[in-house]
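Below is one structure, written out as structure tokens; comments come after it.
Chain naming here is simple, since letters A, B, ... match the order of the sequence lines and numbering starts at 1 in each. As the structure is a prediction and not an experimental result, all values here were calculated from the model. Any value given below was found using the heavy atoms of this structure, including those in side chains, with hydrogens, waters and symmetry copies removed.
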Amino acid sequence: MVEDVTEDDVEHISSIARVGISEEEKDDFIQQFRKILERFEKLEEAVDEDIEGNQELTNVVRPDEVRDSISTEQVFRNTEETDDGYFEGPPVS
Amino acid sequence: MTDLNAYITEQEYSENEQGVLSGVEIAVKDNISTSMMRTTCGSKMLEDYEPPYNATVVERLLSEGVKIVGKTNMDEFGMGTTTETSFFGPTKNPADTDHVPGGSSGGSAATVANGDVDVALGTDTGGSIRCPAAFCGVYGLKPTYGLVSRYGLIAYGNSLEQIGPIASDTDSIAEVMNVISGRDEKDQTTVRRSVDDYTDYLHPNNISDITVAVPTQLVDGADEEVKSEFWSAVEDMKDHSVQFKQVEMESIESAVEAYYVIAMTEAASNLARFDGVRYGYTTDTDGDWNEQFSDVRQDGFGEEVRRRIMIGTYASSAGYQDKYYDKAQMVRNMIRKEFDEVFQEADLVASPTMPVLPFEIGESLDDPIKMYLADANTTPVNLASLPAMSVPAGESEDGLPVGMQLVGPSFDEQTLIKVSSYMEENILQ
């Protein structure tokens, strides 16, 4: 049930989405989540059987071919955190 | 001269004096990559981002002689209906500066309506070209999904969105569509289909061969003044021998919910790339990978963006995807089927573009759901991947613009352009 969305749930979502929210924001987020998810419940009533799509789908996957891409200089254009041709990120753990 | 705050970056650039659009001044929505000027998506996350490449539509337009005049303001990452979620502040509606210009392509519509440019590019995921076109009293076209390349469009809802033109006249819409439409090897969702010359459909002598279906579901819930202007435009079209029929499209009643589940899920995926490592806002937190990413994204993204990413994560997560995501996809299929059926009996579907008049600036910020429901008329079109145009149908008593939405079958932009051009010259003032 939507009323069961708790602070723990919101913290869990925040963690798996890697999106932080502040303590001050938490209460508002929980209220909004509940209201929005409640509206989404409407979808269950709208569908009474499994409806398959009827479009024709074309597989456009092509063989992997090596081609030119953008230059290294362009690749690193938007950061200074690089090391010997690699992007430098935070420690994994 | 009031500053509408329509631009995030004002900068002129052109490459070519020749071409079918030689001398045309164009404003480009700031989620479309331009390597010669920053591309921010209306977000702190990309405030200083300089793309290493141009979007395909930008390349095509530059090679046909346009002059880009700047990058327009937008709701952050396209998430909004009023341009108020922009990190760079709201844009004002030139029709009445206390009111919003619509969103998310509010800057594009405002600058066109204000007469600053000939044409602007917008993008439309759930109504973001049509809504601001309607609210600002100009023309805006969302093409059929797959007609215009999304290469270089910074993605929000990749199964829903298209780049399209916003202009003060139908001629400009057709001319820009000629240049930007068509197969692009860099975007494998573009169709292999020859593209017509859309300008062949301008200035028709009559539209008496056209039948238009009006779905009850897209009119009944609208504000009285919106309905009044809509029906008045319908009467004018009837005077010009257009046939009308009322239809019921039950699946549309769940369109907004289906749209938001799908769009938010896609947003969660598409915005996962913003982690501060290769580009964009970054922090100096002393944390591990997860802590760092969480901090960057908490600071770099505004509230609406974070809300949508989190709900999208939830709706598609293990244990919940059957309930939300799968059901939304089924509703999407139902909507497609219903439109197909209606198009067996009619050439176009018409409705008010928006069920409401332009909000006052600040009015809709406290209630996300109120904003989402304003998308009721536009979202069915993105779900069905169809083309649709908003034409300026009239004004409220206080002078606030009201748009009429015309929806066509897949790849029938020609009929939309034909009817819009006829209306522009014979019906709309």
Side-chain angles (χ1 to χ4, degrees), chain A residues 2 5 9-22 25 28-29 31-33 35-55 58-62 69-82 86-93, chain B residues 35 48-53 188-189 250-251 253-254 256-258 260-261 268 272 275-280 282 285 287-299 301 303 305-307 309-315 317 323-324 327-334 336-337 340 368-369 372:
Chain A
V2 169
V5 173
D9 291 322
V10 167
E11 280 174 9
H12 173 66
I13 299 166
S14 163
S15 166
I16 58 176
R18 313 282 186 255
V19 173
I21 46 174
S22 66
E25 288 173 319
D28 280 347
F29 264 86
Q31 296 311 315
Q32 285 155 3
F33 270 33
K35 284 191 200 156
I36 292 169
L37 292 175
E38 201 178 304
R39 289 211 67 101
F40 289 170
E41 307 274 305
K42 213 177 141 185
L43 292 169
E44 294 199 274
E45 293 151 29
V47 184
D48 39 32
E49 53 183 43
D50 281 359
I51 312 270
E52 294 289 308
N54 60 354
Q55 308 135 272
T58 310
N59 187 341
V60 295
V61 170
R62 60 162 172 79
S69 182
I70 58 177
S71 70
T72 318
E73 187 207 291
Q74 287 172 308
V75 165
F76 291 122
R77 192 181 187 188
N78 287 285
T79 182
E80 272 148 28
E81 302 297 317
T82 66
Y86 292 88
F87 284 107
E88 212 178 312
V92 173
S93 57
Chain B
S35 62
D48 300 311
Y49 172 66
E50 292 174 358
Y53 54 88
Q188 292 296 333
T189 64
E250 224 181 280
S251 64
E253 289 166 24
S254 315
V256 171
E257 290 81 11
Y260 273 104
V261 169
D275 54 23
V277 176
R278 289 159 297 170
Y279 38 68
T282 196
T285 330
D288 69 10
W289 185 272
N290 292 334
E291 285 157 2
Q292 171 87 339
F293 292 168
S294 186
D295 283 350
V296 165
R297 291 151 67 78
Q298 179 172 354
D299 281 351
F301 287 144
E303 214 182 286
V305 168
R306 285 183 290 141
R307 181 162 35 244
I309 291 173
M310 289 201 280
I311 296 178
T313 303
Y314 184 85
S317 64
K323 188 173 151 92
Y324 298 117
K327 290 283 185 292
Q329 291 291 13
M330 287 178 206
V331 167
R332 184 170 194 177
N333 289 330
M334 285 164 63
R336 280 192 222 264
K337 281 199 168 117
D340 281 346
I369 292 186
Y372 300 163

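Looking at B/Glu50, both its backbone and its side chain come within 4.5 Å of chain A, counting heavy atoms on both sides. For chain A, the nearby part of B/Thr313 is the side chain; its heavy atoms alone come within less than 4.5 Å. Only the side chain of A/Gln32 comes within contact range of chain B, judged by heavy atoms closer than 4.5 Å. Using a 4.5 Å cut-off between heavy atoms, B/Asn290 touches chain A through backbone and side chain atoms alike. Of the atoms belonging to A/Arg39, heavy atoms from both backbone and side chain fall under 4.5 Å from chain B. B/Asp48 touches chain A through its backbone: at least one of N, CA, C or O sits under 4.5 Å from a heavy atom, while the side chain does not. Interface remark: B/Tyr260 contributes backbone and side-chain atoms alike to the contact with chain A (heavy atom separation under 4.5 Å). Contact annotation for B/Ser35: both backbone and side-chain heavy atoms come within less than 4.5 Å of a heavy atom of chain A. Neither the backbone nor the side chain of A/Thr82 has a heavy atom closer than 4.5 Å to any heavy atom of chain B. For a residue to count as touching a neighbouring chain, one of its non-hydrogen atoms must lie under 4.5 Å from one of that chain's; by this rule A/Glu73 does not touch chain B. Residue B/Ala268: no heavy atom, backbone or side chain, is found under 4.5 Å from chain A. Both the backbone and the side chain of A/Ile36 come within contact range of chain B, each with at least one heavy atom under 4.5 Å from a heavy atom of that chain.
Rounding to the nearest 0.5 Å gives a distance of 13.0 Å between CZ of A/Arg18 and CD of B/Gln292.
Remark: side-chain polar atoms of B/Lys323 are not paired, donor with acceptor, to backbone N or O of A/Phe40 under 3.5 angstrom.
For the side chain to side chain contact (heavy atoms under 4.5 Å, CB included) with A/Ser14, the qualifying choice from B/Arg306, B/Gln298, B/Met310 is B/Met310, the only one to do so.
No other option in A/Glu25, A/Glu88, A/Arg77 has as many heavy-atom pairs under 4.5 Å with chain B as A/Arg77. In terms of non-hydrogen atom pairs under 4.5 Å with chain A, the most contact-rich of B/Tyr372, B/Tyr314, B/Phe293 is B/Tyr314. Listed options B/Ile369, B/Val296, B/Val331 were ranked by heavy-atom pairs under 4.5 angstrom with chain A; first place goes to B/Ile369. Between chain A and the options B/Gln329, B/Glu291, B/Arg297, heavy-atom pairs under 4.5 Å are most frequent for B/Arg297. Between chain A and the residues B/Ala315, B/Ser294, B/Pro52, the most heavy-atom pairs under 4.5 angstrom are made by B/Ser294. Per-residue heavy-atom pair counts under 4.5 Å with chain B were compared for A/His12, A/Glu44, A/Glu81, and the maximum is reached by A/Glu44. Of the residues considered (A/Val10, A/Asp9, A/Ile13), A/Ile13 shows the highest number of contacts with chain B, using heavy-atom pairs under 4.5 Å.
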Show your working on side chain to side chain contact (heavy atoms under 4.5 Å, CB included) between B/Asp275 and B/Trp289 and close with a plain yes or no. CA-CA 9 Å; B/Asp275 54 23; B/Trp289 185 272; over 6 Å; no

Verify side chain to side chain contact (heavy atoms under 4.5 Å, CB included) between A/Ile70 and A/Val75, making sure each step is shown before the conclusion. CA-CA 7 Å; A/Ile70 58 177; A/Val75 165; 3.7 Å; yes

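Remark: B/Glu250 CD is loosely packed, at most 12 non-hydrogen atoms of other residues, nucleotides or ligands lying under 6.0 Å away.
When every heavy atom of B/Thr282 is checked against every heavy atom of B/Gly276, the shortest pair comes out as OG1-O, 3.1 Å.
A/Phe29 and A/Phe33 have perpendicular rings, their planes meeting at more than 60° on a 0 to 90° scale where under 30° would count as parallel. Ring geometry for B/Tyr49 versus B/Tyr279: interplanar angle over 60°, hence perpendicular rather than tilted (30 to 60°).
When only modelled atom types and interatomic distance are considered, B/Ser254 and B/Glu257 share no side-chain donor-acceptor pair under 3.5 Å.
Among residues two or more places apart in sequence or in another chain, the side-chain hydrogen bond (donor to acceptor under 3.5 Å, both in side chains) test is passed with B/Arg278 by none.
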